[in-house]
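Data first, discussion second: the structure below is written as structure tokens.
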Amino acid sequence: MNNSSQIKTNPYPYSSDNKRYQTMSWYLKNRYGEKCAKIPLNAGFTCPNRDGKVSFGGCTFCSAKGSGDSILSFEKPLKNQYQDNLDRIHHKWPKAKGIPYFQSFSNTYAPLEKLKEIYTPFLEDPEIFCICIATRADCLEEDFVSWISKYKKDIWIELGLQSSNDQTGKRINRGYSTKDVENALFLLKKYGVFSCIHLINSLPFEDHEMMMESARWCTVFKPDAIKIHMLHMITNTQIAKDYLNGDFKLMDQDEYCTLVCDQLEILPPEMIIERITGDGLQEDLIAPLWTTKKTSVANQVDRILFERNSWQGKYCKVDVAQEIPNNPDPSIQIGFKSKI
Ligand code: SF4
């Protein structure tokens with residue numbers, strides 16, 4: 001069956017093509033009426049897991065260049081970084097709307113006054129309607145969330161969970177607990193801020209069931225979006241040394257795509273799937289090299305879901321309106337802020 005036949009027979013409601021899960025690009029186009037592009041920025045933050053506040057080593061998979069899909073230069077002022085990257089995007093999509101994405105390291109790791117200095121020019125820019133900020137669960141203070149939520153903009157906070165298993169969290173030197181991530185999500189829901197959780201599949205000693213458990217955690221704590229990544233072995237990281245030592249194996253593309261489909265099937269249909277694979281820094285990537293073919297991975301996921309006659313949420317057992325366990329404040333809105 002060709003692609004157009006797959007589109008016609010697609011039963012998943014939050015899609016206008018053959019995707020059987022809710023992509024971020026579909027969501028943003030429907031919310032803002034135009035193609036949107038996240039513009040990565042480097043605001044010069046560091047990370048408490050690297051500067052010694054929590055640890056010096058960092059997460060074992062994180063290169064010293066920082067987290068994120070691309071390494072960004074901090075040489076230019078933020079507004080110039082934003083404009084230059086937006087101009088570049090406009091060569092490809094002339095009408096695309098830009099979304100500043102504070103990506104490098106932990107972008108709330110500073111006193112409130114410093115954070116206000118960094119974010120206010122973007123929050124007060126009438127052309128900017130949405131801002132994304134990547135950070136750690138242990139770097140998110142209520143005074144910041146309360147302050148930023150007062151702006152009439154869509155604010156997204158991205159948090160790394162990687163795995164809901166605290167043993168794995170210790171093994172990768174994450175430096176915070178799964179409970180910390182739960183508390184951060186409560187805080188974001190309390191102030192009506194959008195949330196996105198990052199998961200990594202194929203972490204050392206995690207089997208299929210443990211990775212499914214991380215997806216189940218997301219069904220319970222209901223971030224608005226998730227990013228699913230394959231673990232990348234990046235040069236000079238601790239985890240790559242362990243891998244090259246033969247301490248653990250990585251999933252192959254077939255195993256990964258099958259697992260992603262299994263995860264998508266149990267996630268709520270309303271949740272946005274911002275990614276199903278990441279882009280490592282190709283020049284620093286040791287393995288797995290199949291992750292460099294992103295389209296092949298995405299196509300394989302589409303094909304598996306189609307062949308299974310399945311889609312995101314087909315086997316979701318959690319009602320969106322179901323209460324979140326240990327909710328510290330019954331007034332906190334559960335469910336998805338992002339639902340269109
Ligand atoms: S929290 Fe992010 S930036 Fe910090 S060490 Fe871990 S992956 Fe790297």
Side-chain angles (χ1 to χ4, degrees), residues 38 40-74 78 101-110 114-115 118 132-141 144-145 156-185 187-188 195-204 206 214 217 223 225-243 250 274-275 277-281 284-287 291:
K38 283 169 85 169
L41 300 172
N42 182 346
F45 287 99
T46 174
C47 169
N49 210 17
R50 291 200 156 274
D51 72 3
K53 187 175 175 201
V54 173
S55 145
F56 284 106
C59 303
T60 58
F61 55 83
C62 177
S63 94
K65 294 174 183 174
S67 54
D69 303 327
S70 52
I71 297 309
L72 306 163
S73 162
F74 177 51
L78 280 166
Y101 177 30
F102 294 82
Q103 182 182 23
S104 300
F105 293 106
S106 303
N107 292 278
T108 55
Y109 183 40
K114 178 76 186 160
L115 297 177
I118 289 167
C132 295
I133 299 170
T135 191
R136 288 167 58 90
D138 59 356
C139 286
L140 199 59
E141 301 294 337
F144 171 73
V145 179
W156 281 85
I157 301 283
E158 297 191 9
L159 299 167
L161 175 68
Q162 327 310 3
S163 167
S164 61
N165 185 297
D166 275 323
Q167 276 299 104
T168 301
K170 284 207 180 85
R171 214 176 270 130
I172 60 172
N173 196 37
R174 188 176 60 177
Y176 50 82
S177 66
T178 297
K179 184 86 193 141
D180 291 331
V181 184
E182 291 168 13
N183 290 338
L185 272 179
L187 185 61
L188 297 176
S195 53
C196 176
I197 288 290
H198 294 210
L199 295 183
I200 299 180
N201 284 330
S202 202
L203 286 167
E206 289 231 321
S214 293
W217 181 96
I226 66 168
K227 285 187 179 177
I228 304 175
H229 299 268
M230 172 67 198
L231 177 62
H232 283 141
M233 295 299 116
I234 304 293
T235 341
N236 294 326
T237 57
Q238 183 55 48
I239 213 163
K241 286 178 195 146
D242 297 343
Y243 169 74
L250 292 171
E274 193 166 345
R275 273 181 179 281
T277 177
D279 316 279
L281 287 170
D284 291 340
L285 182 67
I286 297 171
T291 57

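We number each residue from 1, following the sequence as shown. Since we're looking at a predicted model, the values are computed, not measured. In listed order, ligands and their atoms are each counted from 1.
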Test of understanding: given a 4.0 Å heavy-atom threshold, classify the contact between C47 and ligand 1 as side chain, backbone, both, or neither.
side chain
Nearest non-hydrogen partners of N173 and S55, listed with the distance
ND2-OG, 3.1 Å
Considering only heavy atoms of F105, which atoms of ligand 1 have at least one such atom less than 4.0 Å away?
3 (S)
If you count the atoms of ligand 1 from 1 in the order shown, which ones are under 4.0 Å from a heavy atom of C59?
1 (S), 5 (S), 6 (Fe), 7 (S)
Do N49 and R174 make a side-chain contact, defined as non-hydrogen atoms from C-beta onward lying under 4.5 Å apart?
no
Checking only N/O/S atoms, does C62 have one that is under 2.8 Å from atom 4 (Fe) of ligand 1?
no
Should the pair D138-R136 be classified as a salt bridge under the 4.0 Å nitrogen-to-oxygen rule?
yes
Taking only heavy atoms of R136, which atoms of ligand 1 are found under 4.0 Å from at least one of them?
1 (S)
If we only count heavy atoms from C-beta on, is the I118 to F45 side-chain gap below 4.5 Å?
yes
N165: partners by side-chain contact (heavy atoms from CB on, under 4.5 Å), with sequence neighbours left out:
S163, Q167, T168, E206, M210
Here the atoms of ligand 1 under 4.0 Å from any heavy atom belonging to G58 are 5 (S)
